[in-house]
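Some notes on the structure that comes next.
Bear in mind the structure is a predicted one, so any value in this text is a computation, not a measurement.
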Amino acid sequence: AVEHADRELRDRGEQRDLYRLHQNRGLVLLQQGRLDDADAALVTTDPGAFAARIAELRGDIAYARGDIGGARSAYQEALTQGDAGVVKPQ
């Protein structure tokens, strides 16, 4: 079912929904303890507005693996990406 949705979204050029699909799939796989599958689900060429969330999930995956340094790096990337997409109030 996920593969069909992926193909359908790619065919229609709906990148935003495609990234959401991969993000949500990665989260579910992480919660199931399927860390390699979760990491693979987050592979995208250009995550755009979802870069911070994907980096955060990569940090969660690294932490679940016991890779504290990798988790720290991914969380720092999430913070950096998040700052890039934030509109500052004037």
Side-chain angles (χ1 to χ4, degrees):
V2 172
E3 291 77 17
H4 175 74
D6 183 272
R7 187 172 45 255
E8 192 71 25
L9 291 170
R10 284 180 195 277
D11 289 348
R12 292 190 311 207
E14 297 187 30
Q15 288 299 105
R16 183 182 172 119
D17 290 334
L18 183 63
Y19 294 136
R20 276 197 188 132
L21 173 71
H22 287 275
Q23 173 188 323
N24 290 337
R25 184 171 187 229
L27 180 58
V28 168
L29 292 167
L30 170 63
Q31 292 171 343
Q32 292 175 342
R34 296 172 53 191
L35 304 180
D36 291 338
D37 293 333
D39 200 26
L42 299 178
V43 173
T44 64
T45 55
D46 179 18
F50 295 94
R53 184 64 182 130
I54 288 173
E56 180 184 3
L57 282 172
R58 289 195 188 286
D60 294 346
I61 293 166
Y63 182 80
R65 287 182 171 143
D67 179 5
I68 303 305
R72 183 178 295 120
S73 294
Y75 292 141
Q76 186 60 48
E77 177 66 20
L79 290 171
T80 302
Q81 291 293 334
D83 286 344
V86 173
V87 176
K88 306 278 187 203
Q90 304 215 4

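- Between A62 and G70, the shortest heavy-atom contact is CB-C, 3.8 Å.
- Heavy atoms only, all atoms of each residue included: G26 and A38 are closest at O-CB, 3.4 Å.
- The distance from atom CD1 of I61 to atom CG of D67, rounded to the nearest 0.5 Å, is 11.5 Å.
- Residues E56 and A78 approach most closely at N-CB, 3.7 Å, considering heavy atoms.
- By the 4.5 Å heavy-atom criterion applied to side chains, D60 and L57 are counted as neighbours.
- One distance of note links CD of E77 with CD1 of I54; it measures 11.0 Å at 0.5 Å rounding.
- Scanning all heavy atoms of the two residues, the minimum distance from A51 to Q81 falls at CB-OE1, 3.5 Å.
- A salt bridge links R65 to D36: one of the charged nitrogens lies within less than 4.0 Å of a carboxylate oxygen.
- The hydrophobic side chain of V28 is isolated, with no ILVMFWY side chain under 4.5 Å apart from it.
- No more than 12 heavy atoms of other residues, nucleotides or ligands shown are found within 6.0 angstrom of OH on Y63.
- Nearest heavy atoms, Q23 versus L42: CA-CD2, 4.1 Å.
- Between the CG atom in L30 and the CG atom in D37 there is a gap of 11.5 Å [rounded to 0.5 Å].
- Between A71 and G59, the shortest heavy-atom distance links the atoms CB-O, 3.4 Å.
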